[in-house]
Amino acid sequence: MNKFSSVKDLVMSLESDFEKFYEKGNSAAGTRVRKGMQDLKNLAQDLRKEVQDMKNNAAGGSEENAGAKKSTSKAKK
């Protein structure tokens, strides 16, 4: 949940720069928005990997068994 909180905090911290860029045309704010969005992308990717790893670890051997069954059925053909 810590990474999710980081994502929320980052989005909220960009709010004023979004307003400055879109409403006032401040190009420096646009640069900060672009940097923040890149950081958001990286955080989201890290969070996505963490969720996938946790999901795979929770599944344990069930996926390994499923893969073994698929391999065996191909070998029989």
Side-chain angles (χ1 to χ4, degrees):
M1 285 297 288
N2 189 28
K3 287 185 181 177
F4 181 69
S5 295
S6 297
V7 169
K8 288 191 322 186
D9 292 342
L10 179 58
V11 169
M12 295 307 293
S13 71
L14 293 173
E15 184 176 11
S16 67
D17 286 326
F18 271 104
E19 290 174 4
K20 290 175 186 175
F21 178 71
Y22 283 108
E23 294 176 10
K24 299 177 183 174
N26 184 327
S27 62
T31 301
R32 290 189 298 272
V33 166
R34 290 181 63 238
K35 182 190 179 308
M37 295 306 291
Q38 184 65 40
D39 293 343
L40 179 62
K41 176 186 168 194
N42 293 334
L43 274 173
Q45 186 64 36
D46 290 344
L47 182 58
R48 188 175 179 274
K49 287 178 187 177
E50 181 180 296
V51 168
Q52 186 66 40
D53 290 343
M54 289 176 71
K55 184 179 134 186
N56 289 342
N57 290 336
S62 63
E63 288 184 17
E64 292 173 356
N65 291 339
K69 290 178 184 177
K70 289 179 184 177
S71 300
T72 305
S73 64
K74 289 180 182 178
K76 290 181 181 178
K77 291 180 180 179

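We number each residue from 1, following the sequence as shown. Nothing here was measured: the structure is a model prediction, and the numbers come from that model.
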Run the numbers on M37 and F18 for side chain to side chain contact (heavy atoms under 4.5 Å, CB included), then give the verdict. CA-CA 11 Å; M37 295 306 291; F18 271 104; 3.9 Å; yes

Go through the steps to decide whether K3 and V7 satisfy the test side chain to side chain contact (heavy atoms under 4.5 Å, CB included), and finish with yes or no. CA-CA 6 Å; K3 287 185 181 177; V7 169; 5.7 Å; no

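Contact check for V33 versus K20: no side-chain heavy atoms found under the 4.5 Å cut-off. Using a 4.5 Å heavy-atom cutoff, the side chains of Q52 and R48 are not in contact. Put simply, the side chain of E50 does not reach to within 4.5 Å of the side chain of F4, judged on heavy atoms.
Here CD of Q45 is found 9.5 Å from CG of L47. Values are rounded to the nearest 0.5 Å. A distance of 7.5 Å separates CG of L14 from CG of L40, quoted to the nearest 0.5 Å. The structure places CG of N26 at 10.0 Å from OG of S16, a figure rounded to the nearest 0.5 Å.
A pairwise comparison of heavy atoms in A29 and F21 identifies CB-N, 3.9 Å as the closest pair.
Under a 4.0 Å N-O distance rule, the pair D39/K35 qualifies as a salt bridge.
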